[in-house]
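Written out below as structure tokens is the structure these notes cover.
Chain letters run A, B, ... following the sequence lines, proteins first and then strands; every chain starts at 1.
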Amino acid sequence: MSVTPWEVEGEINYDKLIEEFGTRPLDSHLFYRLKDPMPPPVKRGMCFSHRDLDKWLDAYDNGEKVTVLSGRGPSEKMHIGHLTLYAIPKYFQDVYKCTVYIPVSDDEKFYVKENLEIEDVEMFANDNILDILAMGFDPNKTIVHKDFEHTKIYKYAAQVAKKITYSTAKAVFGLKAENNIGWVFYPAMQATHILYPQFIEGQHLTLVPIGIDQDPFIRATRDIAEKFGFQKPATIHKKLAPGLEGPKMSSSGKNAIWLSDDEDTVANKVNKYAFSGGQPSIKEHREKGGNPDIDVSFLYLKYFFEEDDNKLEQIARDYRDGSLLSGELKEYFIEKVNNYLKEHRRRREIVAKNIDKYMLRD
RNA sequence: GGGGUCGUGGCCUAGUCCGGAAGGGCAGCGGGCUCCAGACUCGCCGAUCGUGCGUUCAAAUCGCACCGACCCCA
């Protein structure tokens, strides 16, 4: 197993990651402090680890200012795996009524992705922003900014850059000799994004929901936060979303279900590619039953699309005892996804009309 | 500015020294088997060999120039 911000390899052992990264498990004690209603990724165990989430909740309980931040590197269109992340900041905004910051690192993706032209990055950035906001973020409590557009952030980035040595960047961010020098500055930008709520609102606790593979950035940012008189950002770690073709694969994959896919495409992809936990034949399936824990359709229902706990349990039960076939499960899953995407596109259009309410520009 | 390495299907790579029909792996696609998917199995597509010129009967292979990526030094 190897988990870095740049690459995820092998079968992932989350307990081991907690140990390796030095984070804290999101145990039941802390879990029960979280307010209802929780969306599937939060209530069904996709969030498994954290740093200082307890402090963030304390601060909230004490009536102190708290914010939430989840960024996005716009290197491609967005697929359903991405939704599981942004459901988390949305939850905190809905339930804890806090401001959510969404920094979009168009510059980073431009530096790092060999074949991405500046126009591509800008196109993906604008496209991704609409998809994220379409999840229902509150225009009055959501701040989106792009590095190519909100360039005033540079003043802060410079201050952060001065506090990060080359050795640190090299060690934490995996810089290699052949990387262009954009890579060298990017860690400063990333840290600035994470500290940005404090730069503009004053010191307070910011919670940063991220995939566990991105944790090294948080660690590095925590190391320098106090040099600015800021609080170390808290974080809540999400497991990696399963790929369509197998739960072990990382989320960035071919054959993902894009948020822009139409109904037929979705049905096709699921039927044709989605890894199942079913048995090789109906007869065997009826006898032995299926395994929902490795079934991608089920996992996506569990982690995102099925809000109803009873319904999910019933599906799991029926699948395990063999009365529900993989094809039937897929049929239900397809319907859920398509219903979601239909609604998503409707919200996206509304967001597009009001985009100025969200964007922080110079 | 000086010196050097490299450029082969979408990706990785063999072949380059010692010229002679461009091979493999992954991915992709189709069929079979399956309630689907995966495993498995059968099969298929796909390469201006960075570009140009030259040497030669013959150039991915040799020479020169250019383009591009990268490394070391300044």
Side-chain angles (χ1 to χ4, degrees), chain A residues 2 4 6-12 75-77 79-81 108-121 124 166-167 169-170 173-186 240-258 261-306 312 314-339:
Chain A
S2 158
T4 68
W6 323 108
E7 205 176 32
V8 176
E9 265 184 315
E11 202 151 351
I12 298 150
S75 59
E76 58 175 3
K77 291 186 292 180
H79 55 69
I80 59 171
E108 179 229 347
K109 290 305 171 192
F110 176 64
Y111 291 138
V112 168
K113 297 281 175 179
E114 206 66 42
N115 298 320
L116 267 195
E117 299 299 331
I118 208 103
E119 295 80 14
D120 301 328
V121 186
F124 285 133
Y166 181 67
S167 302
K170 198 174 167 183
F173 302 91
L175 298 182
K176 296 192 186 105
E178 65 267 28
N179 294 141
N180 65 61
I181 61 172
W183 287 61
V184 180
F185 189 72
Y186 169 63
L240 295 151
L244 242 204
E245 298 181 59
K248 288 172 266 185
M249 303 297 296
S250 76
S251 60
S252 64
K254 66 272 176 220
N255 284 326
I257 294 174
W258 305 106
D261 282 343
D262 63 37
E263 298 194 359
D264 289 347
T265 306
V266 170
N268 230 313
K269 282 184 178 173
V270 172
N271 282 322
K272 201 164 177 191
Y273 299 115
F275 185 81
S276 94
Q279 299 295 342
S281 69
I282 287 192
K283 187 166 178 288
E284 249 183 283
H285 191 86
R286 296 289 188 214
E287 284 167 11
K288 298 181 189 170
N291 180 1
D293 299 327
I294 59 167
D295 191 291
V296 173
S297 303
F298 180 82
L299 288 174
Y300 268 100
L301 287 171
K302 174 181 171 183
Y303 287 135
F304 194 80
F305 291 100
E306 184 55 73
L312 187 77
Q314 183 212 319
I315 291 172
R317 210 182 313 122
D318 292 350
Y319 202 47
R320 282 208 173 84
D321 74 21
S323 55
L324 182 69
L325 298 176
S326 300
E328 294 163 344
L329 172 60
K330 284 188 173 184
E331 204 177 319
Y332 181 72
F333 175 56
I334 289 164
E335 190 191 322
K336 281 295 225 187
V337 174
N338 277 330
N339 285 342

Any residue meeting side-chain contact (heavy atoms from CB on, under 4.5 Å) with [X], in chain and number order, not counting sequence neighbours:
X        : value
A/Glu119 : A/Glu117
A/Lys77  : A/Phe124, A/Asp127, A/Trp258, A/Ser260
A/Lys302 : A/Arg44, A/Phe298, A/Leu312
A/Gln314 : A/Lys311, A/Arg317, A/Asp318

Exercise. Scan residues 267-281 of chain A for pairs that pass salt bridge (charged side-chain N to carboxylate O under 4.0 Å, His left out), counting only residues two or more places apart or in two chains.
Key: A/Asp261-A/Lys269
Practice problem: Can you tell me which residue pairs pass the salt bridge (charged side-chain N to carboxylate O under 4.0 Å, His left out) test with a partner in residues 275-287 of chain A, sequence neighbours excluded? | Solution: A/Lys283-A/Glu287, A/Glu284-A/Lys288
Value in whole Å for how far the [atom2] atom of [N] lies from [atom1] of [X]:
X        : N      : atom1 : atom2 : answer
A/Phe275 : B/rC35 : CZ    : P     : 17 Å
A/Leu301 : B/rC36 : CG    : P     : 20 Å
A/Asp295 : B/rC36 : CG    : C1'   : 9 Å
A/Lys283 : B/rC36 : NZ    : P     : 17 Å
A/Gln279 : B/rA37 : CD    : P     : 15 Å
A/Leu299 : B/rG38 : CG    : P     : 17 Å
A/Ile282 : B/rC33 : CD1   : P     : 14 Å

Exercise. Can you sort out which residues in residues 322-335 of chain A have a heavy atom within less than 4.0 Å of RNA chain B? Ascending by number, please.
Key: A/Leu325, A/Ser326, A/Gly327, A/Lys330
Interatomic distance at [atom1], [N] relative to [M], whole Å:
N      : M      : atom1 : answer
B/rU51 : B/rG46 : C1'   : 22 Å
B/rU16 : B/rC73 : C1'   : 29 Å
B/rA22 : B/rG15 : C1'   : 8 Å
B/rU48 : B/rA37 : P     : 34 Å

Could you go over nucleotides 29-31 of chain B and give all protein N or O partners under 3.5 Å, atom names and distances?
{"unit_1": "B/rC29", "atom_1": "OP1", "unit_2": "A/Tyr273", "atom_2": "OH", "d": "2.7"}
{"unit_1": "B/rG30", "atom_1": "OP1", "unit_2": "A/Lys272", "atom_2": "NZ", "d": "3.2"}
{"unit_1": "B/rG30", "atom_1": "OP2", "unit_2": "A/Lys272", "atom_2": "NZ", "d": "3.1"}

Practice problem: Kindly write out the residues that satisfy side-chain hydrogen bond (donor to acceptor under 3.5 Å, both in side chains) with A/Ser326, not counting sequence neighbours, or none if the list is empty. | Solution: A/Tyr319
Self-check item: Bracket string, RNA chain B, 5' to 3' - pairs by Watson-Crick or G-U geometry under 3.5 Å, | interstrand
Solution: (((((((..((((......[..)))).(((((.......))))).....(((((..]....)))))))))))).
Quiz prompt | Ring geometry between A/Phe333 and A/Phe305 (parallel below 30°, tilted from 30 to 60°, perpendicular above 60°) | solution = perpendicular
Might you list the N or O atoms of the protein lying below 3.5 Å from N or O atoms in nucleotides 71-74 of chain B, with each pair's distance?
{"unit_1": "B/rC71", "atom_1": "OP1", "unit_2": "A/Ala177", "atom_2": "O", "d": "2.3"}
{"unit_1": "B/rC71", "atom_1": "OP1", "unit_2": "A/Glu178", "atom_2": "N", "d": "3.0"}

Can you give me the N/O atom pairs linking the protein to nucleotides 40-46 of chain B at distances under 3.5 Å, or say none if there are none?
none

